[in-house]
Amino acid sequence: MSKKLVLIDGHSILNRAFFGLPDLTNAEGVHTNAVYGFLNIMFRILEEEKPDYLTVAFDLSAPTFRHKMFDGYKGTRKPMAPELKEQVPLMKEMLRAMGICIVEKEGFEADDVLGTLSCRGEQEGMEVSVISGDRDLLQLATEHVQIRIPKTKKTGTEIENYYAKDVKERYLVTPKEFIDVKALMGDTSDNIPGVPGIGEKTATALIAQYGSIEAVYEHADEVKPPRASKNIVEFWDQAVMSKTLATIITDADVEYSFDQAELSDIQELYTEDAYVLCKRLEFKNLLGRFQLDSPTINVEEQFQIVKDQKLAEKIWKKAGGKSLAFHLIPAESGKKKEKLQTEPGGQMSLFETGKKEVLSGMTLAFGEEDIYLFLTGQGITSEFLIDAWQNAKASRRISSDLKAELQYCQPAGSIGTEEEWNHYLDMRKGYMDTGIAAYLLNPLKGEYPYEDIASEYLGMMLPSKAELFGKKSFEQMLEEDENTAAKPLCYDVYTAWKASEILEKELKDQGMWELYQNIEMPLVFVLSDMEKQGISIDAQALKEYGSKLAESISVLEHQIYEKAGEQFNINSPKQLGVILFEKLQLPNAKKTKTGYSTSAEVLEKLAPEYPIVSDILSYRQLTKLKSTYADGLANCIADDGKIHTTFNQTITATGRLSSTEPNLQNIPIRIELGKEIRRVFHPEKDFLFVDSDYSQIELRVLASMSGDRQLIDAYRQHSDIHRITASQVFHIPFDEVTPLQRRNAKAVNFGIVYGISSFGLSQDLSISRKEAAEYIERYFATYPKIKEFLDQTVKDAKEKGYTTTLFGRRRPVPELSSSNFMQRSFGERVAMNSPIQGTAADIIKIAMIRVHDRLMKENCRSRLLLQVHDELLVETYKEEKEQVEKILAEEMQGAADLAVCLEIDTESGENWYEAH
DNA sequence: TTAGTCACG
DNA sequence: ACGTACGTGACTAAC
């Protein structure tokens, strides 16, 4: 059987993919859609054809021979979009990683290379496929060379195939004649002039009849229409030139042998390098194609499953003194995690009598060949594992998610003496969390699974847990195939062990080691304590609150149906939009991608005139309160009557924390009815809440970082910063500032922190853009250093690619280099906001550690419960109220040394409503 | 799974 | 001319 050759027109297919797919980027902000689309098309072709040879041809950016001939003839081709341009080297990198033959020859266009190679292939007796989005290549089609043109349609990619006969069928001319058609009609995008007055129709008809431009010329006198007849003579030279230009060279002097393009099996393409690159570009769908048991991964053969107690003891003995990476595997991980709780006495209950094992097992790594999975049940107990872990003389303890481990063990002993306290601090310093390290190094990713760390920092390709387990739980997998079940756990612990020092070095190189060591790592222990402590909820009161809401909702629902004249789902923006803007014909319909906008912003404008709209707004408010807060929180109450939120330390781009299951950082406060829910959050018996929040911490950070004298002095003079801003910006005495002026000044202050834009401010204040621009101008005139600072921040970010906080925390801003105005503007606002928001986040993190540690060191029964970005809530033993208030004041205000004071407002009460 | 909406700082 | 404020998470409908 004859051999098969597949030739791909690199730029053309990349271009097709770029315009055919939405704008994909990975977490680093690298655009990836064209590369992704290219690979999909390529793999589809390869799987279909199973070729023996594969080659991709690219143009070089240098001007080519044919273009030079027409020097001075300005092309109409637009410059390549930068989002596509940056993908060209990436594409080549990917192809090289796959070992695919790339041909790019100085002086020839890709077309000529493709023509030459297809011709040579055919001469060797091969069947050739040329993949391109460019119809010009149809001239290459023969009986053995087919041109394949992928088309992206809604239903997926379809490929049009053309052998010589198909070209004739579709275009009424042979492939060779196709050149002549083009010579007559021209092609502006290829700088081929053609003959004036002859378009596609005429050109095709003429060539179909006569066969070539020469024949048309010879029969010029009989050619119709007359215009064509005249021009073919008048512009004959141009026609000949055009034919030369349109003709693809098939005998170019390209150095090439089929040996270098050989592809005996598609699997050859799935190399380790390609896998790592696909991982980086986040081509999750492609990863499944890689044969993951390739011999390049050696970890899996090194781990050992241990069930025997004696053997386990031996291993722990061997581990002593080394750097240990570990992970505790909670029992029944398939079920929803039971969170560890602190008992009223302050001691934890880990081993309730009669209960099954707390842990299914534990993983441990301390060397290339020391990777272990201990399984409980047959001799090894949870207690043994935790004891062994506690008592091990480890030089360092490494985890990929330390806070999760701390759910199942308690490294803090009693704190009473100075010695015990120092011991506690030493203990904290001995830990490394690779997830947090990776987060600091790139906070844009949101997730830091071992396979990413392995590929990014170790250059190793490891299959992810999802790839190994599918949807099965660890327990299910364990029964089915012990070895596979062990894999992701062992990969995780090995990666953490191996990457630890590399991450440390990287953090040091980037000036973030202090941030990591002094802020983020201690914070892990603080957050762990806060989560375990939990906040008490009055479940009964919560239920009553929900019932009350349900009644009001029901009343509103009926009123809305009555006014609408029919029943419908008010919660469906789609249905609601139709009712309001079609049935009831309300004005000012705004559109979203999918239909009418029914956002509060839109509805609020209509509410005064249309009672049904204000009903809907109330309904929205009440259903939100009921579903998210009344019902949502009730679902999260643990057996101890408390809510134990999870604080995420590796989510936000700026360095803030986030809170989930439930989110306790967005409990209502702005509207009275919503704020009521805070009454159900209460302290334990003999305790009360003390709550402190920073006063305008972000604006103070800005004042300090910019060094603006005027703003710094403003903070020294008065506590009402918005009022003094209004007074200074509008040049009026402080006491004569009207409420409206103060409101405007407040909006400008917020706007500055968000990365000011006249449009944003105008939206917020419902004023014209021009007015907003004037406010901003006056603001900057008043505080010139602020403008200087913001401009400099953006400039620096553009140069370095990232912003930095006062404590060295970085945030990459890839949008700054976008060619898209909107994206770039976004990047500029981000660059202005991130150092401010991030520095504020750093400061309250420092405060949290200091408050937590003071409470601990002073042997208080009071404890930190929640952080809400600029607020700390402390459950305070009544006798310690003054002590706690002192600690909060000292530690929050002393957390950073800024050019302005950090002021706090402190309140206390019997519940969160009263305390804030 | 995604889009729309809305709660917070 | 472009079309927006910065940072989050939960719930619902509808694909």
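The chains referred to below are lettered A, B, ... by the order of the sequence lines, with proteins before strands, and numbering in each begins at 1.
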*Asks:* C:dA5, C:dG7, B:dA7: which one has an atom nearest the side-chain heavy atoms of A:Y754?
*Replies:*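 Within the option list, the nearest is C:dA5.
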*Asks:* Under 4.0 Å, heavy atoms only, any strand: does A:E698 hit a base, just the sugar-phosphate, or nothing?
*Replies:*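 Nothing, no nucleic acid heavy atom in range.
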*Asks:* Look at all strands and tell whether A:Q575 reaches a base, only sugar-phosphate, or nothing, counting heavy atoms closer than 4.0 Å.
*Replies:*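 Counting heavy atoms under 4.0 Å across all strands, the contact made by A:Q575 is with sugar-phosphate only.
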*Asks:* Yes or no on side chain to side chain donor-acceptor pair (under 3.5 Å) for A:E903 and A:Y715, after CA distance, side-chain angles and deciding distance?
*Replies:* CA-CA 10 Å; A:E903 285 182 25; A:Y715 267 114; over 6 Å; no
*Asks:* NZ of A:K472: more than 12 outside heavy atoms within 6.0 angstrom?
*Replies:*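 Incorrect, the count does not exceed 12.
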*Asks:* If you pin A:S757 and A:R811 to their nearest nucleotides in DNA chain C, which one's is more 5'?
*Replies:*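 With A:S757 and A:R811 compared, the 5'-side residue is A:S757.
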*Asks:* Kindly say whether, by distance alone, the side chain of A:R829 makes a donor-acceptor pair under 3.5 Å with the base of C:dT4?
*Replies:*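 Pair found.
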*Asks:* Heavy atoms under 4.0 Å, any strand shown: does A:N666 hit a base, just sugar-phosphate, or nothing?
*Replies:*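 Base contact.
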*Asks:* So A:L657, base contact, sugar-phosphate only, or nothing? Heavy-atom distance under 4.0 Å.
*Replies:*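 The residue A:L657 makes no contact with any strand.
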*Asks:* Just to be sure I understand the rule, does A:V753 reach a base, reach only the sugar-phosphate, or reach nothing, if contact means heavy atoms closer than 4.0 Å?
*Replies:*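 The answer is nothing, as A:V753 stays clear of every strand by at least 4.0 Å.
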*Asks:* Taking any heavy-atom pair under 4.0 Å as a contact, classify A:S834: base, sugar-phosphate, or nothing.
*Replies:*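 The residue A:S834 makes no contact with any strand.
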*Asks:* OP1 or OP2 of B:dC6 versus the side-chain N and O atoms of A:R620: is any pair under 4.0 Å?
*Replies:*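 So the side-chain polar atoms of A:R620 do come within 4.0 Å of the phosphate oxygens OP1 or OP2 of B:dC6, strictly under.
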*Asks:* Side chains of A:R700 and A:S695: any donor to acceptor distance under 3.5 Å?
*Replies:*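 Checked: A:S695/A:R700 side chains pair up, N/O donor to acceptor below 3.5 Å.
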*Asks:* Is the A:Y783-A:Y779 ring centre distance short of 6.0 angstrom?
*Replies:*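 Ring centres of A:Y779 and A:Y783 closer than 6.0 Å.
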*Asks:* Mind checking if A:A841 touches a base, just sugar-phosphate, or nothing, with heavy atoms under 4.0 Å?
*Replies:*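 No contact at all - A:A841 keeps every heavy atom at 4.0 Å or more from the nucleic acid.
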*Asks:* Applying the Watson-Crick and G-U wobble criteria at under 3.5 Å, what pairs with B:dT2? Answer none if nothing qualifies.
*Replies:*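 Looking at the geometry, B:dT2 pairs with C:dA13.
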